[in-house]
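Quick note: residue numbers are just sequence positions, from 1.
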Amino acid sequence: MALLEVSHLKKYFQVSSGILHAVDDVSFTLEQGKTLGVVGESGCGKSTLGKTIIRLTDPTAGTVLFDAVDVAAYSSKEFKKVRPNMQMIFQDPFASLDPRKTVTELIAEPMKIYKTGSKAEIYQRVKTLMDTVQLAERFQNSYPHELDGGRRQRVGIARALSLQPQFIVCDEPVSALDVSIQAQVLNLLKDLQAEFHLTYLFITHDLSVVKFFSDKIAVMYLGQLVETADSAELFRQPLHPYSQALLSAIPIPSSRQKMQRVKLIGELQSPIDPEPGCRFAKRCLYAREGCTGRDLALRDFGSGHFCACCRAGALEEQTPSK
């Protein structure tokens, strides 16, 4: 059952030199209890996509069906009723926490705003949440600056869980953490998903992380999805040249194995008033006349594998191999 259906979602920003197409005609579905990983280089619109879906910024156009209701059309007042079910874990665990509040106050704040119980019930819930995210009780009166990055991110996770949401946007939740702490937080998120049947939109630029964490992967480039597939399928047979380049950059922990690197050359197209056509064409080794002049839709290549490339079928045999 699809909990989230995003259709032709757009988010544009007016800038001095034109209109910035941060998210441009993005569509996908996400089943309840599953994880969709969104990957792409910095500036491609991943975070804006997540923020637009949960209405931290209003969409320019498109629909966001959450549990079969179009929340993109809601007013701010109407969306307040939906907000408890759609939460976000932010990339920077320090900047996202109010430095003037203690851990207890930070976790309790959403429950106080939505009046989910008495003061005693709320603070009992805080203790339960701290235990759930494996945050020791001795930190309940600590301030964010007194915690390390891993503990601060656990506070952010506990706060996101405080209103018992169904859907959480994880915006690069481990990118600011040490590798050992990353593993702890990722394992915690997977355990919480299994326990509470949570649905995640997991935003990252780390392909090793997204392979471990996601059921499906969507590759994003300059505001558009260029390829979507099951996690194993995408790593086995990437079809889009951009996906191939991303996967070829993953380090291999072996001196005997070598990956054929795909080096991107050419000029990065501006996301401000972009011309119709494939936005990767200027950097693509296989670009031809048919790649420009018209926008390319995602095509089904079987087994739920979609790609927006006019030469994707021909590229299957040219995929770099490990």
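- No donor-acceptor pair under 3.5 Å is formed between the side chain of R299 and the backbone N or O of C307.
- The heavy-atom pair separating V126 from A108 by the smallest distance is CG2-CB, 3.7 Å.
- D230 is not listed as a side-chain neighbour of R236, based on a closest heavy-atom distance of 4.5 Å or more.
- In the hydrophobic clustering of this structure, F306 does not group with L222; members are Ile, Leu, Val, Met, Phe, Trp, Tyr whose side-chain heavy atoms approach within less than 4.5 Å, directly or through other members.
- At a threshold of 4.5 Å between non-hydrogen side-chain atoms, the residues C278 and L296 count as touching.
- Remark: side-chain polar atoms of Q153 are not paired, donor with acceptor, to backbone N or O of I157 under 3.5 angstrom.
- Within a 6.0 Å sphere centred on CD of E275, heavy atoms belonging to other residues, nucleotides or ligands number 12 at most.
- Atoms SG and CZ, from C309 and F280 in turn, are 9.0 Å apart once rounded to the nearest 0.5 Å.
- The environment of K34 atom NZ is sparse: at most 12 non-hydrogen atoms of other residues, nucleotides or ligands sit within 6.0 angstrom.
- Side chains of V210 and L207 form a contact here, defined as non-hydrogen atoms less than 4.5 Å apart.
- Under 3.5 Å, the side chains of R154 and Q184 contain a donor-acceptor pair of N or O atoms.
- Between the side chain of D92 and the backbone N or O of F94 there is at least one donor-acceptor pair closer than 3.5 Å.
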Taking it one step at a time, do M130 and I107 satisfy side-chain contact (heavy atoms from CB on, under 4.5 Å)? CA-CA 9 Å; M130 289 182 65; I107 299 173; 3.8 Å; yes
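- Under the 3.5 Å distance criterion, with hydrogens and angles disregarded, a donor-acceptor pair is assigned to the side chains of S47 and D171.
- L56 and Y114 are members of different hydrophobic clusters when ILVMFWY side chains are connected at heavy-atom separations under 4.5 Å.
- Remark: the backbone N or O of P276 is not paired with any side-chain donor or acceptor of D295 at under 3.5 angstrom.
- For Q14, the CD atom sits in a packed shell: over 12 heavy atoms of surrounding residues, nucleotides or ligands are nearer than 6.0 Å.
- Checked by atom type and distance alone, the side chain of E121 pairs as donor or acceptor with a backbone atom of S118 at under 3.5 Å.
- Hydrophobic clustering (side-chain heavy atoms under 4.5 Å, transitive across Ile, Leu, Val, Met, Phe, Trp, Tyr) keeps F28 apart from L234.
- The backbone N or O of V209 sits less than 3.5 Å from a side-chain atom of D206, completing a donor-acceptor pair.
- Remark: the backbone N or O of Y143 is not paired with any side-chain donor or acceptor of K101 at under 3.5 angstrom.
- Across all non-hydrogen atoms, the minimal contact from I217 to S231 is CD1-OG, 3.7 Å.
- Taking the side chain as every heavy atom from C-beta outward, V219 and T228 never approach each other to under 4.5 Å.
- Using the six-membered ring where Trp is involved, H240 and Y242 have ring planes that are perpendicular, over 60° apart on the 30 and 60° scheme.
- Looking at heavy atoms from C-beta onward, L9 lies out of side-chain contact with D25 at the 4.5 angstrom threshold.
- Taking the side chain as every heavy atom from C-beta outward, N187 and L189 never approach each other to under 4.5 Å.
- Residues L198 and Q166 form no side-chain contact, since every pair of their non-hydrogen atoms from C-beta on lies 4.5 Å or further apart.
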Run the side-chain contact (heavy atoms from CB on, under 4.5 Å) check on I122 and T116 step by step: do they pass? CA-CA 7 Å; I122 288 174; T116 59; 4.1 Å; yes
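- To the nearest 0.5 angstrom, L201 atom CG is 5.0 Å from I203 atom CD1.
- In this model, no donor atom of one side chain and acceptor atom of the other lie less than 3.5 Å apart for H305 and Q237.
- Closest approach of L225 to L298, counting heavy atoms only: O-CD2, 3.7 Å.
- Residues E172 and H205 have side chains that bring a donor and an acceptor to within less than 3.5 angstrom of each other.
- The one candidate from L36, L65, T199, V64 that meets the side-chain contact (heavy atoms from CB on, under 4.5 Å) condition with L4 is V64.
- Clustering ILVMFWY residues whenever any of their side-chain heavy atoms sit less than 4.5 angstrom apart, transitively, puts V185 in the very cluster that holds V103.
- When every heavy atom of Y12 is checked against every heavy atom of I19, the shortest pair comes out as CB-CG2, 3.5 Å.
- A donor-acceptor pair under 3.5 Å is formed between the side chain of Q182 and the backbone N or O of V174.
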T132/F196 under side-chain contact (heavy atoms from CB on, under 4.5 Å): CA gap, chis, key distance, verdict: CA-CA 11 Å; T132 299; F196 300 110; 4.0 Å; yes
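- Residues F167 and Y200 place their aromatic rings such that the two centres sit no closer than 6.0 Å.
- A donor and an acceptor atom, one from each side chain of E5 and T29, are nowhere located under 3.5 Å apart.
- Here the side chain of Q140 pairs no donor or acceptor atom with the backbone of A136 at under 3.5 angstrom.
- Y74 does not carry K81 over the face of its six-membered ring by the limits of under 6.0 Å from the centre and within 45° of the normal.
- Put simply, the side chain of S248 gets close to the backbone of A245: a donor and an acceptor are under 3.5 Å apart.
- Between R151 and D148, the closest heavy-atom pair is N-OD1, 2.8 Å.
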Check the pair E109 / K112 against salt bridge (charged side-chain N to carboxylate O under 4.0 Å, His left out), numbers first and verdict last. CA-CA 5 Å; E109 186 176 25; K112 289 181 178 178; over 6 Å; no
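- Considering all non-hydrogen atoms of both residues, R152 and L97 come closest at O-CD1, 3.8 Å.
- A distance of 11.5 Å separates CZ of R159 from CE of M88, quoted to the nearest 0.5 Å.
- For the 3.5 Å distance criterion, the side chains of Q91 and S175 qualify, holding a donor opposite an acceptor.
- With respect to D58 and K11, no salt bridge is recorded, no charged nitrogen being found less than 4.0 Å from a carboxylate O.
- Residues L49 and F202 do not share a hydrophobic cluster, defined by chaining ILVMFWY side chains whose heavy atoms lie under 4.5 Å apart.
- Counted by atom type alone, Y221 and R283 present one or more donor-acceptor pairs between their side chains at under 3.5 Å.
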Does the side chain to side chain donor-acceptor pair (under 3.5 Å) test come out yes or no for E227 and S243, once each step is laid out? CA-CA 8 Å; E227 186 167 4; S243 303; 2.7 Å; yes
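- By the 4.5 Å heavy-atom criterion applied to side chains, Q269 and P274 are counted as neighbours.
- Cation-pi geometry between R55 and F79 is satisfied (NZ or CZ under 6.0 Å from the ring centre, within 45° of the ring normal).
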Please lay out, stage by stage, how L186 and K190 fare under the test side-chain contact (heavy atoms from CB on, under 4.5 Å). CA-CA 6 Å; L186 288 172; K190 286 187 75 72; 5.8 Å; no
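- Between atom CD1 of residue I113 and atom CE of residue M111 there is a gap of 11.0 Å, rounded to the nearest 0.5 Å.
- With values rounded to the nearest 0.5 angstrom, L268 atom CG is found 11.5 Å from R279 atom CZ.
- T35 and Q193 share a side-chain donor-acceptor pair at under 3.5 Å.
- Atom CG of N141 sits about 12.0 Å away from atom CZ of F139, to the nearest 0.5 Å.
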